[in-house]
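Contents: one structure, followed by commentary.
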Amino acid sequence: KAPAFLSTGAPPSAVATSAITFVLGTLSPPAAWPTGGIRQSSNVVLTAEGGTTIRYTLDGSNPTASSAEYSAPISITSGVVVLKAKAFKPGWVDSTVMSETYTIDNTPPTNTASLFPSPVNGWNNTPVTITFFCTDNLGVADCPAPVTVSAEGAGQDVSRSATDLAGNQSGAGGSLS
């Protein structure tokens, strides 16, 4: 606050008041680990610069200063979740919004095996090729290659696993006679 005085002896002016706001910088957006993608259930950890408050939403809306405050890992267990987070700190410009989409898949892929040629009376006397067929609601990451068994003998294990994009696994195959 300061009055102004003129050198000519005029009376002082009214007191003027002004507020000055200093901006110390712009905050970087928070980071999420693990990042979004197709996954099994996840506990997501958010991090940001020291002294900041992280606010987040799970419905795809942009966080505000009144959104949920991050204090512990966020459990994401089903469905498609759009996590958005923003950092806040007095004297700083709020960060931009960080966004990660999590598609949760807890169902293993379907993995079936087919034998060629088919056994006759439960027995094969020629080489057998086992072909695996894999499907998944969100995608298969790895389906076993066909296996040819030419050695004779009972109880030969030809089980193999399939893996989906979330890392779920299922097995197929079995023992040949």
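Values reported hereafter were calculated over all heavy atoms of this structure, with side chains retained and with hydrogens, waters and symmetry mates removed.
Cluster membership for Leu46 and Leu58, using ILVMFWY side-chain heavy atoms within less than 4.5 angstrom, is shared. Residues Ile104 and Leu83 share a single hydrophobic cluster, defined by chaining ILVMFWY side chains whose heavy atoms lie under 4.5 Å apart. Under the 4.5 Å side-chain heavy-atom criterion for Ile, Leu, Val, Met, Phe, Trp and Tyr, Val147 and Leu115 are members of the same hydrophobic cluster. If you chain together hydrophobic residues whose side chains sit under 4.5 Å apart, Ile54 and Ile76 fall into the same group. Linking Ile, Leu, Val, Met, Phe, Trp and Tyr residues whenever their side-chain heavy atoms come within less than 4.5 Å leaves Trp33 and Met98 in two separate clusters.
Within the 4.5 Å cutoff, side-chain heavy atoms of Val97 are placed close to those of Pro63. Using a 4.5 Å cut-off on side-chain heavy atoms (C-beta onward), Leu138 and Thr103 make contact. Between Pro29 and Lys86 the shortest side-chain heavy-atom distance does not fall below 4.5 Å.
Within the 3.5 Å criterion, the main-chain N or O of Val44 finds no donor-acceptor partner in the side chain of Ser42. Side chain of Ser95 to backbone of Ala87: a donor-acceptor contact under 3.5 angstrom is found. Side-chain atoms of Lys84 come within 3.5 Å of backbone N or O of Gly60 as a donor-acceptor pair. A distance-only check finds a donor-acceptor pair linking the side chain of Ser41 to the backbone of Thr77 [under 3.5 Å]. Side-chain atoms of Lys89 never come within 3.5 Å of backbone atoms of Thr26 as a donor-acceptor pair (strictly under, hydrogens ignored). For the pair Tyr70 (side chain) and Val45 (backbone), a donor-acceptor distance under 3.5 Å is absent. A donor-acceptor pair is defined here as one N or O able to donate and one able to accept, closer than 3.5 Å; such a pair exists between the side chain of Ser170 and the backbone of Pro109.
Scanning both residues, Glu49 and Thr52, for their nearest heavy atoms gives O-OG1, 2.7 Å. Taking all atoms of both residues into account, the shortest heavy-atom contact from Asn111 to Ser161 is ND2-C, 3.9 Å. Residues Phe133 and Cys143 share a closest heavy-atom pair of C-SG, 4.2 Å. In terms of heavy-atom proximity, Thr35 sits nearest to Ala32 at CG2-O, 3.7 Å.
In this structure, a donor-acceptor pair under 3.5 Å is present between the side chains of Thr163 and Gln169. A donor-acceptor contact closer than 3.5 angstrom is absent between the side chains of Asn168 and Thr107. Side-chain contact, Ser67 with Thr57: no donor N or O sits under 3.5 Å from an acceptor N or O. Using modelled atom types and a 3.5 Å distance limit, the side chains of Gln40 and Asp105 yield no donor-acceptor pair.
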Requested in this report: I would like to know whether Leu165 and Asp136 meet side chain to side chain contact (heavy atoms under 4.5 Å, CB included); could you show each step before the answer?
Outcome: CA-CA 9 Å; Leu165 295 175; Asp136 186 73; 5.9 Å; no

Query raised in the report: Yes or no on side chain to side chain contact (heavy atoms under 4.5 Å, CB included) for Thr135 and Thr110, after CA distance, side-chain angles and deciding distance?
Result: CA-CA 5 Å; Thr135 59; Thr110 300; 3.5 Å; yes

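Contacts of Arg55 classified as salt bridge (charged side-chain N to carboxylate O under 4.0 Å, His left out), with partners at least two apart in sequence or in another chain: Glu69.
Residue Val82 belongs to no hydrophobic cluster, having no ILVMFWY side-chain heavy atom closer than 4.5 Å to its own.
Expressed to the nearest 0.5 Å, how far CG of Asn62 lies from OH of Tyr56 amounts to 16.0 Å. In this structure, the separation between OG1 on Thr126 and CZ on Phe116 is 8.5 Å, given to the nearest 0.5 Å.
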